[in-house]
Amino acid sequence: MSLFFALLFIVATLVLVIGLTRKIIQYARTPAPLKIPTTPAPVTQAGVVLRMFREVVFFESLFKSTKWTWLFGWMFHLGLLLVLLRHLRYFTDPVWLPIQLIQPFGVYAGYAMVIGLVGLLVRRIFVDRVRYISAPSDFLWLAILIFIGFSGLMMKFVAHTDVVMVKEFFTGLMGFSFGTLPVDVPLIVHLLLVAVLMLLFPFSKLLHVPGLFFSPGRNQVDNPREKRHLAPWAKAMEEQKN
Amino acid sequence: MAKADFETPELQEYVEVPELVAGTMAHLSPFVAKPDHNTDLNFPGELVDDWHDKAIAKLDDLRSRFRSLQVYLDSCVKCGSCTDKCHYFLGTKDPKNMPVGRQDLLRKVYRRYFTFAGKYFPKLVGAEDLTRDTLDEWYSYYHQCSQCRRCSVFCPYGIDTAEISMAAREILDSIGYGQKYCNEIIAKVNKVGNNLGLPGAALADTLEGLEEDVEDETGVAVKYPLDVKGADILLVTPSADFFAEPHVDGLIGYGKVFHEAGVSWTISSYASEAANFGMFIGSYENMRRVSLRIRKAALDLGVKRIVFGECGHAWRVAYAFLNTLAGPFDFLDPNYPVPQHILEFTWDQIQKGNLKLDKSANDDKVLTFHDSCNVARATRMGNKPGGQLEIPRNVIKAVCNNFVDMHHETIGERTFCCGGGGGLLTDDLMEIRVKGALPRMTALKNVMEEEGVTHMAAICAICKSQFTKVLPYYGMDMDQIVSIHQLVSEAIILTGQNSGDEEDEEEEDEVEA
Ligand code: HEM
Ligand code: HEM
Ligand code: SF4
Ligand code: SF4
């Protein structure tokens, strides 16, 4: 079983990294032929960085729109961030100081994440507009994340697992030496679903993560009069016609 | 189309987010373009036999050339933030008029043909084959989007349904399934120089008529020049300004401002149109072809600056795209932005104190201002972000004593479209135009009742035409809509203008002689 998980995580990591890299390369290579920032937009690059920062950290646009989605969405993502940072202790030795310092918050973060997710699920089920636009996969994503969180919290509070062994397994794996995992149901569920998440990430709506950074509506500087903006294919077209 | 085959929504205190009623607008599609108009724009005349493969190939082509399309198709998480933001949804309850509902019509096909999940697990991710029904649905619902970008303000990733609508229309055009209104108009611009097909001689007549009117009224010979070589400024304005009401009063105003500023200017008969419907159909090539007329006119006439008249999408194409499509404009005076908006020009003159203004001339009105969607969310005026919202208000306040804004959720970057933008300003789409105007009509009605507003100023030819037509459906009066430069025109006191009603023209003439 440990071997299975070792191989699974190697494959999942490869798929995640290669898949995401390919997507990012695709986005970066596809030109944005016209200036289309949603205005009022920053007129300097520094302004764009600030705008993007507000979007990534505070979900500014979502906040303008619906406070409930924002609240649950933000709780989930902030929780997720802290949980993931906290998880770094399984992969680094010695554990970095900042990661040690956030450990106590991580527990609340786990709760915040799950509560946020449940809120989003409830909204998806009961608000007719959101239900209408949901495909089965949209529900499944929430379910997967809820189960990951739930199984994690189980290990934390109910059926403890041997975290030292888990750490040894994963730090070992990072040097391609295969160790053994504790055989606990919550851990198996936890890890299986995490692998699924990693495998599907580059093929799903989780592409909103790179997508946000490449969105011309948000990342463009509003300076079309000051500076001529020309895509390579448009340039080629001009040269051909003139 | 008859006026009575649909119901005008009733105005309430505020616009409630409706419960979904599927398919309320499925019956509405605009007239299909005639073969001539399609071929004029280099599209096939009629729906081609292999439309299926051609459409998929076009989608593939577009997603490789437009980052917006590729990123927006991938990134939507179905968070629902945009669902209640579209005026067409609010007015029709149709879920396919929710921005994400509209996007999904294309996204489901994208997923089916271009994503792993959609190829192998279509049901799971809501992917669907492209069928003839899908095509008709695209034709219907992508012509119920005014490309106003309101949804993009509220999307956490800035997903802009306008970009998706443009791409969908480009795909439809590429297989010979174009819309009559837009394609006919673009063909007219290519042939004659403007949307209305007004030839040079007719323009000259109209402008001469304006000169006479203004002189009769003010005693001052304000010029409305056409094709004058060596003028400083080329004015490019929507052709509706040449004759439609209330547009033409705006044009009169531009002329008076130029006159007082002491600059020489001209209109070009070759580029007598600011509008550029190439944007509405999402065609870079057609948008460029129309834009190049302006470049050519500027070169031929040897002007130093280009100024655009009041129009929303035209200002978007001018401000955000002109430099890209038809630049570089290094042959123009580098001391001025290329192009400039007439409001930037007028505001600058007001600040310099070059205009003598009598605000009380507009005391018969209480004004409010409708931010045009394209101006508010796709352009700028002046140097600072948000100038496009401030400068029009500054000018109104400089020429009027009574001004109040509508509810803050309906103006500025959150402004509601008039309901007629994006190539929808045609009688065959009257139903969606009237229903889509609901949020704006509601906000207007409220300030009329609470603040005694009598008139609404606009800076877009489409907004003005749309409101003129739609206000009566909601029990208001078509004359309530005015141009900002009409207000300027009322307030401006020209140098040497005869004062009011006294008939002292002749005396003055003698003194001057
Ligand atoms: C740069 C990092 C990220 C940003 C800025 C971001 C932003 C957002 C925003 C604004 C939403 C919409 C609101 C909501 O429903 O919460 C959202 C939804 C979502 N995000 Fe993220 N996200 C990020 C990273 C991630 C990661 C790493 C995951 C997965 C592990 C993830 C999973 C999701 C899911 C599943 C949804 C849909 C929630 C629903 O169904 O309502 N996000 N994200
Ligand atoms: C290979 C990757 C992962 C491993 C080895 C792992 C392992 C674990 C372990 C051993 C625990 C129990 C902690 C304890 O008893 O103190 C835990 C908890 C948890 N895990 Fe994971 N996990 C992984 C990935 C993830 C991911 C991707 C998520 C989120 C999407 C996640 C969410 C949680 C949560 C919410 C908890 C409970 C709160 C906490 O202890 O921080 N885990 N995980
Ligand atoms: S661009 Fe405007 S009209 Fe089109 S979907 Fe978005 S809000 Fe509606
Ligand atoms: S707001 Fe953006 S991400 Fe959310 S459903 Fe609408 S288009 Fe999709």
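FYI, side chains are in, hydrogens and waters are out, and symmetry mates aren't considered; it's all heavy atoms of this structure. The sequence lines fix the lettering, A, B, ..., with proteins before strands; numbering per chain opens at 1.
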Proximal component of [X], with respect to chain A [non-hydrogen, under 4.5 Å]:
| X | value |
| --- | --- |
| L389(B) | side chain |
| N383(B) | backbone |
| Y72(B) | side chain |
| A376(B) | backbone |
| D104(B) | side chain |
| F116(B) | side chain |
| K85(B) | side chain |
| V338(B) | backbone |
| E163(B) | side chain |
| T115(B) | neither |
| M279(B) | neither |
| R316(B) | side chain |
| F329(B) | neither |

Please determine, among [options], the option with the most heavy-atom pairs under 4.5 Å with chain B.
| options | result |
| --- | --- |
| A231(A), G217(A), P136(A), G211(A) | P136(A) |
| T38(A), L207(A), L120(A) | T38(A) |
| P202(A), S215(A), P232(A), A234(A) | S215(A) |
| A135(A), S134(A), S61(A), G73(A) | S61(A) |
| R123(A), K205(A), H229(A) | K205(A) |
| D138(A), D222(A), V43(A), N219(A) | D222(A) |

Can you check whether [X] reaches [Y] side chain to side chain, under 4.5 Å on heavy atoms?
| X | Y | answer |
| --- | --- | --- |
| W141(A) | V77(B) | no |
| R380(B) | T39(A) | no |
| K35(A) | N323(B) | no |
| E413(B) | P40(A) | yes |
| R149(B) | I36(A) | yes |
| F321(B) | P224(A) | no |
| L140(A) | L124(B) | yes |
| W233(A) | Y284(B) | yes |

Rounded to the nearest 0.5 Å, how far does [atom2] of [Y] lie from [atom1] of [X]?
| X | Y | atom1 | atom2 | value |
| --- | --- | --- | --- | --- |
| R218(A) | C155(B) | CZ | SG | 7.0 Å |
| R67(B) | Q26(A) | CZ | CD | 11.0 Å |
| S204(A) | R111(B) | OG | CZ | 9.0 Å |
| K78(B) | Y132(A) | NZ | OH | 10.5 Å |
| F154(B) | F63(A) | CZ | CZ | 12.5 Å |
| R414(B) | K64(A) | CZ | NZ | 6.5 Å |

Just checking Y120(B): does its OH atom have more than 12 heavy atoms from other residues, nucleotides or ligands closer to it than 6.0 angstrom?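 No, OH of Y120(B) has 12 or fewer neighbouring heavy atoms, counting only those of other groups under 6.0 Å.
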
Shortest non-hydrogen contact from [X] to [Y]?
| X | Y | value |
| --- | --- | --- |
| R228(A) | T324(B) | NH2-O, 2.8 Å |
| V17(B) | R129(A) | CG1-NE, 3.5 Å |
| D128(A) | E19(B) | OD2-CA, 3.7 Å |
| V130(A) | G80(B) | CG2-CA, 4.3 Å |
| G382(B) | R225(A) | O-NH2, 3.8 Å |

Residue selection (most heavy-atom pairs with chain A, distance under 4.5 Å) from V100(B), T83(B), L69(B):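 The option with the most such pairs is T83(B).
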
For the interface with chain A, which of A378(B), A117(B), G126(B) has the highest count of heavy-atom pairs at distances below 4.5 Å?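 If we count pairs closer than 4.5 Å to chain A, A378(B) comes out on top.
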
Using modelled atom types and a 3.5 Å cut-off, is there a donor and acceptor pairing between side-chain atoms of T66(A) and backbone atoms of S81(B)?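 Judged by distance alone, no pair lies under 3.5 Å.
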
Is it the backbone or the side chain of P33(A) that comes under 4.5 Å from a heavy atom of chain B, or both, or neither?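 Both parts, backbone and side chain.
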
Should R295(B) and E238(A) be marked as a salt bridge (Lys or Arg N to Asp or Glu O under 4.0 Å) after you check the CA-CA gap, both sets of side-chain angles, and the distance that decides it? CA-CA 14 Å; R295(B) 179 188 180 86; E238(A) 264 179 24; over 6 Å; no

